[in-house]
Amino acid sequence: MAHAESDIPPFRYTSALAQDIELRWQAWWEQHHSFEAPNPAGPLADPDAVAGMEKLFVLDMFPYPSGTGLHVGHPLGYIGTDVYSRYKRMAGYNVCYAMGFDAFGLPAEQYAVQTGQHPAVTTAANVANMRRQLRRLGLSHDPRRSIDTTDPGYYRWTQWIFLQIFNSWYDTELPSRDGRGLGRARPIAELITAFESGECPTPDGREWAELTEAERRAIVDDRRLAYVSEAPVNWCPGLGTVVANEEVTADGRSDRGNFPVFKRSMRQWMMRITSYADRLIDDLDLLDWTDAIKTMQRNWIGRSEGARVRFASPAGEIEVFTTRPDTLFGATFMVLAPEHPLVAALTTHDHAEAVAAYRRTAAAKKDIDRQDLGRDKTGVFTGSSAINPVNAELVPVWIADYVLTGYGTGAIMAVPCGDQRDFEFARQFGLAIPAIQTPPAAWFAGRGIEASLDTATWPEAYVGDAPYVNSANADGLDLNGVSSVAEGTRLTNEWLSVRSHGRGNVNFKLRDWLFSRQRYWGEPFPIVHDEFGPVALPDSSLPVLLPETESFSPRTFDPDDEFSNPESPLDRLDWWTDVELDLGDGPRRYHRDTNVMPQWAGSCWYELRYLDPTNDETFVDPAVEQYWMGPKGNGHPGGVDLYVGGVEHAVLHLLYSRFWHKVLFDLGHVSSIEPYYRLFNQGLILAAAFKDEREIYVEAAEVEERDGLFFHHDEPVTREWGRMGKSLKNGVSPDEMYDAYGADTLRLYEMSTGPMDASRPWETRDVVGMYRFLQRVWRNLVDEDSGEPRLGPPATVETLRVLHRTIDGVRTDIDGLRINTAISKLIELNNYLTKLGSCPCDVAEPLVLMLAPLSPHLAEELWAKLGHADSLIREPFPVADPAMLVAATIELPVQVNGKFRSRIVIPSDATEAVATAAALADAKVIKSLNGAEPKKIIVVPGRTVNIVA
RNA sequence: GCCCGAGUGGCGGAAUGGCAGACGCGGAGGACUCAAAAUCCUUUGUAGGGAACUACGUGUGGGUUCGAGUCCCACCUCGGGCACCA
């Protein structure tokens, strides 16, 4: 062993040397406060330092501090943002770059239940471990700006923002603050004033002064942006808590824990995100996000324009939502969801039994079965009919489970000729299918049938623009001859509105956000209750600290006990829940709200706290927010300059966060309309996972490959690819990589394996490639025996050309976050230098500076060896000399009839005629032409010559 | 079923409509070494040929173009999201 080690030169770039370099520079950066970004105002103010620098706010989606720490899949995005931040610092920017921890949530609570340790203790330990791992990676975060959502100094402001939302209502009439339309949040006090003055009428028209305290409170609470409401929720007895719709899996079980989930109605805190539905859709246009993510958000919000139409029935009016009011004349029956409240009243005696049986069957079905594709339509007739408002015809009312309670009004008008589901339902039950549009000839031709209005010949419904027929009544509505859906809809809506049968209406798929959890490890609500309902605590009482307790887990129940009721851990703490307070009208007794907020709350505004993390006066100083996030003028919404994170947050986090930001904007607390201007979705690092014959995952690290087959302790196993993590037993810790190669190598490897937005498999054996690269760079600049710099004479013009082409390419690549190709270009430059035999003295510094964002520790060490006393983090990034980017001659490929046949070398400023002549004179071209006369010659300057013969 | 992505060597990937496979891994051969590791050099899409070279080649089939991995149409496969959304 000793002998083997002595063979390695003492100053070779080995993992041991890499460790030494990295730890030393990490300590240096910390001591010199290298990454601290000055603020223009507030506690971190340093106005002189801010002056003269452009700002840049770079943000990662912050991690949840799990007990297993980081695996190498986590830092892909972090390394990317670090490279970008370091690069921009070298370009003279003041870069705000920080990292925090999204530390509330169920896993910490459940882990704490298992280990008996308080979640605060385990969370603190996990955060400390992840901080260590991230620091070891050399990320250039401003350490002063780190936040932890479970820190009372942080969640004090989460609670404060909640109170801002609670104390607001949405005025749909007032022009928005950004001038982009109507609607804005206003202080609830202004609504009360409007009620008092009579400017705003009460719901039942009585004078405000005549109302009791209870009535007034109920009216006001009903308008708040955060409100308590009876809501259909997913009760999960196995977790002892309610889970959000978004957290329920397709098979009706909980996302975490995989327990059965039951639909129940319970009183819950809700956030009125639906008030912002229009703005959340419209303002997507202002953002630099990919179309894919924008489309996903639009689909989630699901705006559809149509009409609400009322049909008279024996049980009263039935309201339906339709996107095609223009097809009302074709509505020949109605379908209600089995759970619709009018079903009982509509059902006649002779149909009672069938309806009851159908409702039982539908209720017993899990959502997944109800949504099963391709099954036959089912349904039963209620025995009653309603009246179609446009033609007074009787339409039978059915119930069927393909109509859902949760969307629209839970009732539809069925137009079998114009909607495929209705068409199938009508065929199934022998209901009439009158035609109300004349489909175009091509539609019939495409289906191989004769054009006819006899729908018995149609294989399916016709959907789209086409002239209407049979669509007129004697009461002023006549669509016959109209041929566009838009015009038909407009005319129908107008008629419906005038005759009071309905009105044009926009419907959203988005529902209000269920905001309370019956758990322990979350932010307590800054709310107490008196006999009339919730009462906001004053700002002075914040933070409302999460009370200490031994029993911090929610009470759990038999997972199948649907009718159990949630019991929050806070419910049991009488000493905490029962309080006497003076909230302005003398001391009174109150009961604290025992819910906690969902994990989303802390992540809804963390980017704002990074900006001013130590401010005790306010959640963020307005001047600081304006500096880092303010709009850059003319249609720019403001927000984070670059936000990098996984596509799995495309909808929920990014929607909730935008909603909170918009409320804060409406209330004048922030100057930016949107929180995240540019969003970049990084890919996942996938890792091989192995299952044995019992379909159980085995430790991937223990699997051997033999001849393309895989074995775990000699048992054959099968390979699949998945996210890295505990559940697939395929995690690779960055600590292993630091030991084997060092952080610089890990950084380069993760960046080199592909573009940032692509998912790619982790291959530990490939990591060595980047290690070798750094070793070769080191060897080109440092003598491996003496450790002294080893530089050659000044570069030739040819070498300078290579250098400047590299500089140009690397700049372009990093600007576009194409870090993988930037690395390739640096490897090419280094390989070129290796062939030269030594690195010219005037190439060494630009090379080191270009490496600085990517492998910062190695670059710092080399920079010091080149004789610099200070760090290079603020050295200007090299700039390419345009004169060096053009060569005297260029090599041009020549095609004959589109096939590449030869290459010619001509002056780079050669005219087309010169290029043509050179191409025609080329021996291989002459051979390929074989005597044929060129018919046409295409010269693409600098690219190619193509001779068509 | 709908929406959004993506299909390129043994593997990860590169390529403003202009020489497909940069760069890295892996493989093969060589140098150094008693030997091995490490390091360095050469080579490596497939088929044929000693070689020059020739043919083929970016999921499939068409199309546009002087020229297509790249643009258009249809289809197939994989990944992600949504889902009887009226």
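In the text below, chain A, chain B and the rest are named by the order of the sequence lines, each starting its count at 1.
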Can you figure out which of [options] approaches the side chain of [X] most closely?
X      : options             : result
A:R760 : B:A86, B:G13, B:G24 : B:G13
A:V768 : B:A22, B:G26, B:G24 : B:G26
A:K509 : B:U42, B:C4, B:C85  : B:C85
A:F321 : B:A86, B:C53, B:U39 : B:A86

Should [X] be listed as having a side-chain N or O under 4.0 Å from OP1 or OP2 of [N]?
X      : N     : answer
A:R772 : B:G26 : yes
A:R765 : B:G12 : no
A:K936 : B:C66 : yes

Nearest heavy-atom neighbours spanning A:L510 and A:A277 | CD2-CB, 4.2 Å
Taking all heavy atoms of A:T745 and all of A:L774, pick out the closest pair and write down the distance.
-> OG1-CD1, 3.7 Å
Angle class for the A:Y749/A:W762 ring planes (parallel below 30°, perpendicular above 60°, tilted otherwise)?
-> perpendicular
Taking for each residue the nucleotide of RNA chain B with the nearest heavy atom, is it A:V767 or A:S759 whose nucleotide lies nearer the 5' end?
->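 Nearest-nucleotide comparison on RNA chain B picks A:S759.
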Where each residue is assigned the nucleotide of RNA chain B containing its nearest heavy atom, which of A:G769 and A:R901 is assigned the position nearer the 5′ end?
->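 Nearest-nucleotide comparison on RNA chain B picks A:G769.
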Considering only the [atom1] atoms, how many Å lie between [N] and [M], rounded to the nearest integer?
N     : M     : atom1 : value
B:U60 : B:G12 : C1'   : 25 Å
B:G62 : B:C56 : P     : 15 Å
B:A74 : B:U8  : P     : 22 Å
B:A83 : B:C71 : P     : 31 Å
B:U64 : B:U70 : P     : 15 Å
B:A52 : B:A36 : P     : 32 Å

Using a 4.0 Å heavy-atom cut-off across all strands, classify [X] as base, sugar-phosphate, or nothing.
X      : result
A:N831 : sugar-phosphate
A:R308 : nothing
A:T14  : nothing
A:T290 : nothing
A:K899 : sugar-phosphate

Could you state the interatomic distance from CZ (A:F773) to CG (A:L854), rounded to the nearest 0.5 Å?
-> 8.0 Å
Look for any protein N or O under 3.5 Å of an N or O in nucleotides 14-19 of chain B and output each such pair with its distance, or none.
residue, atom, partner, partner atom, Å
B:A14, OP1, A:N820, ND2, 3.1
B:U16, O4, A:R943, NE, 2.4
B:U16, O4, A:R943, NH2, 2.9
B:G18, N2, A:Q895, NE2, 2.9
B:G18, N3, A:Q895, NE2, 3.2
B:C19, O2, A:R903, NE, 2.9
B:C19, O2, A:R903, NH2, 2.8
B:C19, N3, A:R903, NE, 3.4
B:C19, N4, A:E891, OE1, 3.4

Carboxylate-amine/guanidinium proximity below 4.0 Å for A:D419 and A:R324 | no
Distance-only check: which donor-acceptor pairs under 3.5 Å involve side-chain atoms of residues 303-310 of chain A, not counting sequence neighbours?
residue, atom, partner, partner atom, Å
A:R303, NH1, A:D278, OD1, 2.2
A:R303, NH2, A:D282, OD1, 2.9
A:S304, OG, A:Y407, OH, 3.1
A:R308, NE, A:N505, OD1, 3.2
A:R308, NH1, A:E319, OE1, 3.4
A:R310, NE, A:E317, OE1, 3.4
A:R310, NH2, A:S500, O, 3.1

Is A:T806 close to A:Y832 at the side-chain level, that is, under 4.5 Å between some pair of heavy atoms?
-> no
Hey, would you say the A:F333 and A:F425 ring centroids sit under 6.0 Å apart?
-> yes
With syn defined as a glycosidic angle within 90 degrees of 0 and anti as anything else, the base of B:G17 is anti
For B:C32, what is the paired nucleotide under Watson-Crick or G-U wobble rules, both distances under 3.5 Å?
-> none
